[in-house]
Protein chains: 2
Amino acid sequence: MRHDSRLSRMLHVLIHMDRHEGAATSETIAAMLNTNPVVVRRTMAGLRQKGYVSSEKGHGGGWRLGRPLSEMTLLDIYEAVGEPAVFAVGPACDQPACLVEQAVNAALSEAFEEAEKLLLSRFGKVTLADIARDFDARMARHPALVAHAGAGWHA
Amino acid sequence: MRHDSRLSRMLHVLIHMDRHEGAATSETIAAMLNTNPVVVRRTMAGLRQKGYVSSEKGHGGGWRLGRPLSEMTLLDIYEAVGEPAVFAVGPACDQPACLVEQAVNAALSEAFEEAEKLLLSRFGKVTLADIARDFDARMARHPALVAHAGAGWHA
DNA sequence: AGTCTTGAAACAACATAAGTTACATGATGG
DNA sequence: CCATCATGTAACTTATGTTGTTTCAAGACT
């Protein structure tokens, strides 16, 4: 399966929005992400429901941040995009009758759950403000690089 | 994406093979896994290449263990099935020009790599003999349960 | 020779994320 | 109010990768 990029995309958008004057339309965001406005609306809907962004219709409408980046963690956004399955590897059967398979599933589950716990725990400790700070540092090192130029996005 | 079940299936098969007299044919194994003999051959090919199993053609042929379960770890089998991608979540772009996206990817990669490291490290510490022991314990607790009966498999 | 079995290529089926089309709804501004 | 802009949402299509299937070649045993 091709992997799920919703989390990555939403982080990307949210940080840009933080540096963006006024509302950003789905179309503008879609251009930045190299995707479609409908995909943007679909994915952002989850963030809106949790209050991380708000949307407005009509002239001057679009998307705005619902709270500062310092109050959003990777875990928050991961949950807002629907908590997609973390792992691409898993058991062949969820409720096997075979005791061997049960033992195999138990061994794998234990390892996967431990790894997922670590991952989400780490997600919970990183705020989007942390990532924005890292962006600033990269910006300072590479002042010539400008992304999404002409699309209405700084940097 | 539907997740990859090759690791799980191979662990299941290997433990059964350990308790199985003689060689097991692809067809027998396929029946046990509720799949197709060709899928079995395809997946087992990776294990054969690493020496974890051997195969023989003709009458009385089939698959045999190439070494004791105590000398195979989950990591070994994971590698033998081709080290499939562990995570179903990932970046939207691998080499982004945008510095924001680079910062996002860096934050995510760090977390994912740490989790993968933990997972594989744990895989490396669990042998198939450990799982077989757990199976024996489950067997002792549920003596009535019999799996794959009639397909030539014990238990 | 005939049967059993693996080896491997080629193709079909299936699931899911992502992309697209189409239209309804609501807000702004003349 | 009416045209325009923007989101909201359903339905459909596309793309990708795992899994399943068909088919045939080749080796091994009786």
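All chains are named by letter (A, B, ...) in the order of the sequence lines, taking the proteins before the strands, and each is independently numbered beginning at 1.
The listed nucleotides are dT7(D), dT5(C), dA17(C); the one nearest the side chain of Thr25(B) is dT5(C).
Heavy-atom neighbours of Glu27(B) CD from other residues, nucleotides or ligands within 6.0 Å: at or below the threshold of 12.
Taking side-chain N and O atoms only, Ser55(A) has no distance below 4.0 Å to OP1 or OP2 of dT7(D). At dT5(C), none of the side-chain N or O atoms of Ser26(B) fall inside 4.0 Å of OP1 or OP2 (strictly under the cut-off). Side-chain nitrogen and oxygen atoms of Arg9(B) include none within less than 4.0 Å of the OP1 or OP2 phosphate oxygen of dT19(D). Proximity of Arg48(A) to the phosphate of dT7(D): no side-chain N or O atom is located under 4.0 Å from OP1 or OP2. For dA17(C), neither phosphate oxygen OP1 nor OP2 lies less than 4.0 angstrom from any side-chain nitrogen or oxygen of Ser5(A). Distances shown here put every side-chain N or O of Thr35(A) at or beyond 4.0 Å from the OP1 or OP2 atom of dA18(C).
Distance Leu47(B) CG to dG7(C) P: 12 Å, rounded to the nearest Å. Computed from coordinates, the His3(A) NE2 to dA18(C) P distance equals 8 Å when rounded to whole Å. One interatomic measurement links the two molecules: CD of Gln49(A) to P of dT7(D), which rounds to 18 Å at whole-angstrom precision. In this structure, the CG atom of Leu33(B) is 11 Å from the P atom of dT19(D), given to the nearest Å. Between Glu27(B) atom CD and dT6(C) atom P the separation is 9 Å, expressed in whole Å. Atom pair Leu7(B):CG and dT18(D):C1' shows a separation of 15 Å (rounding to whole Å applied).
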Nucleotides 21-30 of chain C: protein proximity per nucleotide (B base, S sugar-phosphate only, - neither; heavy atom, under 4.0 Å): BB--BBBB--
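Ring pair Phe112(A)/Phe87(A) is tilted by interplanar angle, where 30° to 60° counts as tilted.
The base of dT20(C) sits with one of its N or O atoms less than 3.5 Å from a complementary donor or acceptor on the side chain of Arg42(A).
Listed by residue number, the members of residues 103-112 of chain B with any heavy atom below 4.0 angstrom from DNA chain C form an empty set.
The salt bridge (charged side-chain N to carboxylate O under 4.0 Å, His left out) check on Glu83(A) picks up nothing, with sequence neighbours excluded.
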